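Encoded as structure tokens, the structure appears first; notes follow it.
All residue numbers refer to positions in the sequence shown, counting from 1. All values below were derived from every heavy atom in this structure, side-chain atoms included, with hydrogens, water molecules and symmetry-related copies excluded. Since we're looking at a predicted model, the values are computed, not measured.
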Amino acid sequence: MTVTTLGRASLYRAVALGVFLFSAKWVAAQTPSPALLVLEKSDKSMAIVDPGSLKIVARVPAGEDPHEIVASPDGKVAYISNYGGSDSNLNTISVVDLVAQKPLPPIDLGALHSAHGLAFAGGKLYFTVETNKAFGRYDPATQTIDWVLGTGQDRTHMINVSENLDRIFTANVNSGTISIIEQVMPSFPPQGGPPGGGPPSGPGPGGPPPGGPRKTWKITSVPSGRGSEGFDVSPDGKQIWAGNAQDGTVTVIDVASKKAVQTFPVSVNHANRLKFTPDGKRVLISGLGGGPPGSASAAASNGSNLAVIDAATHKEIKQLSLGGGAAGILIVADGSRAFVAVSGKDKVAVIDLKTLEIAGEIPTGRQPDGLAWAR
């Protein structure tokens with residue numbers, strides 16, 4: 001078959017148009033930088049959102065029962081906890097390549113089950129495991145779990161790690177406590193022989209180990225309230241605020257003294273997540289709703305799913321009704337906006353933190369929950 005000059009030109013134009021359209025589609029599907037990551041629990045997927053256009057650009061499988069998510073500092077990898085409940089047999093953390101937008105082999109936690117809270121600090125991934133009443137640490141460089149520490153608390157759920165890695169905080173839902181885990185230098189009794197004479201005890205109980213004393217960890221679990229779940233540490237590191245879902249209260253804990261200094265009521269019902277704004281002046285608290293109709297908590301909420309609290313006075317500044325039970329909260333670093341997962345209405349609400357008004361929404365898959373920021 002002979003292709004005429006006119007036919008050849010038409011063919012070239014068609015091929016060029018196809019290449020252009022393919023390229024345009026490929027560019028549009030790139031993971032934006034920064035990107036908003038949204039877990040869609042009931043769909044077992046992770047949505048990648050362009051925070052500028054508020055459009056979903058891609059979806060990636062997130063494994064069984066995905067609950068919380070965190071991204072590596074370079075924005076290339078996301079880690080997703082596969083929860084399943086406090087007595088779950090699930091023992092994985094899903095891993096997603098954010099550049100290629102595809103799942104990677106999950107992290108096998110072995111005997112550790114029901115991972116939930118996640119934090120990335122010091123180049124390593126920290127995670128809670130409710131079934132084991134503990135938390136662990138995963139090193140992506142060696143692909144190994146290099147540390148596990150028990151809290152002794154029921155449903156160790158969420159986790160926060162200080163920047164200098166010397167303090168770790170966990171919320172323990174069923175125990176109603178916040179655990180403060182501090183790195184300390186152990187003290188040793190004077191060296192010498194045991195009481196009554198005999199040979200010296202040597203390294204161990206009678207003295208420091210060979211090579212000098214090694215730091216250890218001290219755990220103090222501070223009573224907060226029933227259903228302590230969502231919590232945050234103030235930007236200055238001096239206070240912990242814990243939302244007590246079953247009490248309808250927030251407890252303020254002084255980090256230095258490791259004591260609760262105040263507990264006060266909040267309007268949102270079944271407080272789920274709590275976050276400080278970057279300047280430390282305000283606190284956002286989301287609520288899943290529920291509660292008996294006509295109850296005090298239901299009346300106080302007035303249909304609101306998000307409360308904004310003045311951090312200094314503990315007074316409520318504003319209530320916002322997002323249209324359904326709310327869960328994950330993500331505040332951008334410049335403090336201009338907050339994203340709130342409205343699990344009950346399959347969307348993420350965008351809050352303007354200057355006007356404290358709803359500035360937009362992102363339709364999502366079923367039951368959005370955990371949110372993360374990939375830079």
Is the closest side-chain heavy-atom distance between H67 and D369 below 4.5 Å? yes

Give the C-alpha distance, both sets of side-chain angles, the deciding distance and a yes or no for salt bridge (Lys or Arg N to Asp or Glu O under 4.0 Å) between D254 and K259. CA-CA 6 Å; D254 177 70; K259 293 181 178 179; over 6 Å; no

NZ of K44: more than 12 outside heavy atoms within 6.0 angstrom? no

Between K347 and E361, is a salt bridge (Lys or Arg N to Asp or Glu O under 4.0 Å) present by the stated rule, with each step listed? CA-CA 7 Å; K347 65 181 182 181; E361 63 179 45; 3.2 Å; yes

For S343 and A326, indicate whether the former's side chain and the latter's backbone hold a donor-acceptor pair under 3.5 Å. no

Tell me, yes or no, whether the heavy-atom count around K345 atom NZ, taken from other residues, nucleotides or ligands under 6.0 Å, exceeds 12. no

Please report the C-alpha distance between E64 and K41 in whole Å, then the side-chain angles of each, then the deciding distance to 0.1 Å, and finally whether the salt bridge (Lys or Arg N to Asp or Glu O under 4.0 Å) criterion is met. CA-CA 9 Å; E64 289 294 319; K41 283 199 301 191; over 6 Å; no

Do I309 and I285 have side chains that approach each other closer than 4.5 Å (heavy atoms only, starting at C-beta)? yes

Hphob cluster co-occupancy, F264 + F276, side-chain heavy atoms under 4.5 angstrom: yes

Is it true that a side-chain atom of D247 and a backbone atom of T249 form a donor plus acceptor pair closer than 3.5 Å? no

Heavy-atom count around K76 NZ within 6.0 Å, excluding the residue itself: above 12? no

Are the side chain of N172 and the backbone N or O of S175 linked by a donor-acceptor pair below 3.5 Å? no

Scan F127, W147, Y126 and name whichever one has a ring-ring contact (aromatic ring centres under 6.0 Å, His included) with F135. W147

One pair to check against ring-ring contact (aromatic ring centres under 6.0 Å, His included): F231 and W241. What are the steps and the verdict? CA-CA 6 Å; F231 82 102; W241 283 37; over 10 Å; no

Do I56 and V350 belong to the same hydrophobic cluster, where Ile, Leu, Val, Met, Phe, Trp and Tyr are linked whenever their side-chain heavy atoms lie under 4.5 Å apart, directly or via other members? yes

Any donor-acceptor pair under 3.5 Å from T131 side chain to S86 backbone: yes

